[in-house]
There are 2 protein chains.
Amino acid sequence: MPREIAERRDAIPALGEVFREHGFSGSSLAEISQHTGLGKGSLYHFFPGGKTEMAEAVLDDVTNWFEENVFSTMLDSKHPEGVIRSMFEAVNCYFRSGERTCLVGAFALNDTRDRFGDRISKYFNAWTDALTSALKRTGFSEKNAAETAEDIIVSIQGALVLARSKQDAEVFIRTLKRLQRRIATEPHGV
Amino acid sequence: MPREIAERRDAIPALGEVFREHGFSGSSLAEISQHTGLGKGSLYHFFPGGKTEMAEAVLDDVTNWFEENVFSTMLDSKHPEGVIRSMFEAVNCYFRSGERTCLVGAFALNDTRDRFGDRISKYFNAWTDALTSALKRTGFSEKNAAETAEDIIVSIQGALVLARSKQDAEVFIRTLKRLQRRIATEPHGV
DNA sequence: TACAGTATATACCAATCAGTACAATAATGC
DNA sequence: GCATTATTGTACTGATTGGTATATACTGTA
């Protein structure tokens with residue numbers, strides 16, 4: 001039995017970059033091959049399902065990252081205020097202060113969603129649930145926690161769109177600050 | 001001199017649908033030809049610049065629609081409150097209560113932006129300026145007007161992303177309501 | 001009816017597409 | 001060192017890509 005080489009995993013960051021840059025249908029195997037440094041032989045060895053399987057792997061990787069670095073602590077931490085603050089830090093870090101794009105959101109906006117709909121909704125549902133849970137434990141009412149969580153995720157996604165549209169990452173940074181300020185000052189009740 | 005047939009204009013809504021559905025690179029001329037009902041001959045007759053010119057025409061059409069139906073009245077109306085309310089109505093109508101996607105935002109999220117960056121930023125800058133102007137006239141301070149305008153456009157864009165991601169147009173409807181409520185209750189000062 | 005300019009259909013192009021086949025090579029376990 | 005298996009490079013496929021060339025049909029005007 002040969003070793004379980006983890007090279008498949010090693011290719012995923014580069015794959016993510018390609019899909020982020022060109023979208024799904026705009027990412028040719030030639031581009032993917034060039035950017036990952038893997039020939040077609042290797043690519044189809046690691047991803048027999050072709051482009052679709054590559055994108056699935058990237059989406060899973062994104063979700064896993066958020067699951068491990070963000071969602072999990074939000075669901076069970078004893079200090080929800082700190083957890084929400086660190087969510088904003090993680091988000092700011094992951095999206096490179098607005099320079100990076102959200103692959104999941106980008107895939108959702110056209111028919112690419114048809115291929116990966118389950119993974120796309122899973123990502124956003126997990127985020128919504130985790131954030132709602134944390135907000136409730138800071139004293140938000142049930143209803144208000146859900147609405148605020150949606151508001152925050154909406155704003156983060158929109159800020160990524162607008163920052164990239166205007167080529168102005170400050171939009172993203174300002175939005176994160178505004179959201180944090182609002183959480184701190186808003187009434188938490190019904 | 002022959003008649004100035006406006007058939008080029010007539011093709012634009014169908015072109016918009018194709019680009020919205022498949023993205024720019026995902027829209028093949030075959031698909032475009034089928035969906036518009038125009039053969040390649042006609043397409044290249046009306047749009048000698050090919051796909052790029054078709055997308056430019058669609059983006060210009062989108063911007064013109066907002067310019068005429070939304071931005072212009074926001075810049076000079078005597079009744080800014082009513083104008084802002086009717087902006088939300090127009091937005092809700094244009095995006096079909098969250099069922100439709102923002103073509104400009106979608107183009108911005110990957111390298112399609114490189115081709116159409118000027119039109120993309122023009123669209124969002126015009127929107128930001130018009131909304132800021134209207135908010136100022138409702139009593140918002142200069143700084144707060146600008147920040148609130150950005151907040152609103154960010155939220156609209158993000159709501160479109162999230163609504164389509166979750167296949168739940170209610171996200172969009174809720175977001176519009178929340179934004180209007182916030183404008184009505186928020187302190188307008190510095 | 002003749003003409004000019006518009007509109008469209010069709011055939012065609014070289015390039016690229018995603019994906020396959022397979023032989024050659026490299027790594028591993030025994 | 002041998003057998004097995006993982007990995008990779010290369011050549012190939014048939015389909016599709018965006019775009020061009022061109023011949024024909026249409027339309028309004030004189």
Side-chain angles (χ1 to χ4, degrees), chain A residues 1-59 103 106-107 110-116 119, chain B residues 1-59 103 106-107 110-116 119:
Chain A
M1 195 185 300
R3 59 176 179 170
E4 177 63 16
I5 276 194
E7 296 231 19
R8 182 189 145 116
R9 285 205 64 194
D10 299 346
I12 289 181
L15 286 173
E17 283 175 35
V18 177
F19 286 128
R20 234 178 271 269
E21 169 124 20
H22 305 288
F24 181 74
S25 52
S27 297
S28 68
L29 285 179
E31 188 85 26
I32 290 170
S33 175
Q34 191 180 337
H35 201 268
T36 57
L38 294 172
K40 274 192 185 183
S42 308
L43 284 172
Y44 275 86
H45 175 71
F46 290 125
F47 306 94
K51 253 174 74 169
T52 300
E53 189 172 340
M54 299 178 208
E56 284 170 352
V58 171
L59 289 173
L103 185 69
F107 274 15
N110 55 38
D111 66 350
T112 306
R113 211 213 95 97
D114 302 343
R115 287 170 174 265
F116 309 109
R119 283 160 222 262
Chain B
M1 195 183 298
R3 64 186 173 156
E4 178 65 17
I5 275 193
E7 296 229 20
R8 182 190 143 115
R9 286 203 65 195
D10 299 345
I12 290 180
L15 286 173
E17 284 175 33
V18 176
F19 286 128
R20 233 178 272 271
E21 169 124 19
H22 305 288
F24 181 74
S25 51
S27 297
S28 67
L29 285 180
E31 187 86 26
I32 291 170
S33 175
Q34 191 180 338
H35 200 267
T36 57
L38 295 173
K40 273 191 184 182
S42 308
L43 284 171
Y44 274 86
H45 175 68
F46 291 125
F47 306 94
K51 253 174 74 171
T52 300
E53 189 172 341
M54 299 178 207
E56 284 170 353
V58 171
L59 289 173
L103 185 70
F107 274 16
N110 56 39
D111 66 349
T112 306
R113 211 213 94 99
D114 302 343
R115 286 168 174 265
F116 308 110
R119 283 162 222 259

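For the numbers below, each heavy atom of this structure counts, side chains included, while hydrogens, waters and symmetry mates do not. Residue numbering restarts at 1 for every chain, and letters A, B, ... go by the order of the sequence lines.
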Just how far, in rounded Å, is [atom2] of [N] from [atom1] of [X]?
X        : N       : atom1 : atom2 : result
Glu7(A)  : dA6(D)  : CD    : P     : 14 Å
Phe47(B) : dG19(D) : CZ    : P     : 13 Å
Leu38(B) : dA7(C)  : CG    : P     : 11 Å
Tyr44(A) : dT10(D) : OH    : P     : 18 Å
Glu31(B) : dT17(D) : CD    : P     : 9 Å
Leu43(B) : dT17(D) : CG    : C1'   : 15 Å
His22(B) : dT17(D) : NE2   : P     : 11 Å
Phe24(B) : dT17(D) : CZ    : C1'   : 13 Å

Which of the following nucleotides, dT6(C), dG18(D), dC17(C), is nearest to the side chain of Leu29(B)? dG18(D)
With respect to the side chain of Phe46(B), which nucleotide from dA7(C), dT8(D), dG18(D) is positioned closest? dA7(C)
Strictly under 3.5 Å: I want the nitrogen or oxygen pairs between protein and nucleotides 11-16 of chain D, one per line.
none

Answer yes or no: does a side-chain N or O of His45(B) lie under 4.0 Å from OP1 or OP2 of dA7(C)? yes
How is Ser27(B) classified with respect to the nucleic acid when contacts are heavy atoms under 4.0 Å: base, sugar-phosphate, or nothing? sugar-phosphate
Flag side-chain contact, heavy atom, 4.5 Å: Arg119(A) against Val58(A): no
Who pairs with Glu56(A) by side chain to side chain donor-acceptor pair (under 3.5 Å), at least two apart in sequence or on another chain? none
Applying side chain to side chain donor-acceptor pair (under 3.5 Å), can you list everything that pairs with Glu21(B), at least two apart in sequence or on another chain? none
Report yes or no: does Lys51(A) contribute a side-chain atom to a donor-acceptor pair with the main-chain N or O of Phe24(A) at less than 3.5 Å? yes
Of the non-hydrogen atoms in Arg20(B) and Asn110(A), which two are nearest, and what is the gap between them? O-CB, 3.6 Å
Please work out which of the three classes, parallel, tilted or perpendicular, describes the rings of Phe116(B) and Phe107(B), given edges at 30° and 60°. parallel
Solution key, residues 35-50 of chain B side-chain donor-acceptor pairs under 3.5 Å, sequence neighbours excluded:
{"residue": "Thr36(B)", "atom": "OG1", "partner": "Ile32(B)", "partner atom": "O", "Å": "2.7"}
{"residue": "Thr36(B)", "atom": "OG1", "partner": "Ser33(B)", "partner atom": "O", "Å": "3.4"}
{"residue": "Thr36(B)", "atom": "OG1", "partner": "Leu38(B)", "partner atom": "N", "Å": "3.2"}

Considering only heavy atoms, which members of residues 48-57 of chain B lie under 4.0 Å from some atom of DNA chain D? Gly50(B), Lys51(B)
How about CD on Glu53(B), more than 12 heavy atoms from neighbouring residues, nucleotides or ligands closer than 6.0 Å, or not? yes
Sequence neighbours left out, what passes side chain to side chain contact (heavy atoms under 4.5 Å, CB included) with Ser25(A)? Give chain and number order. Ser25(B)
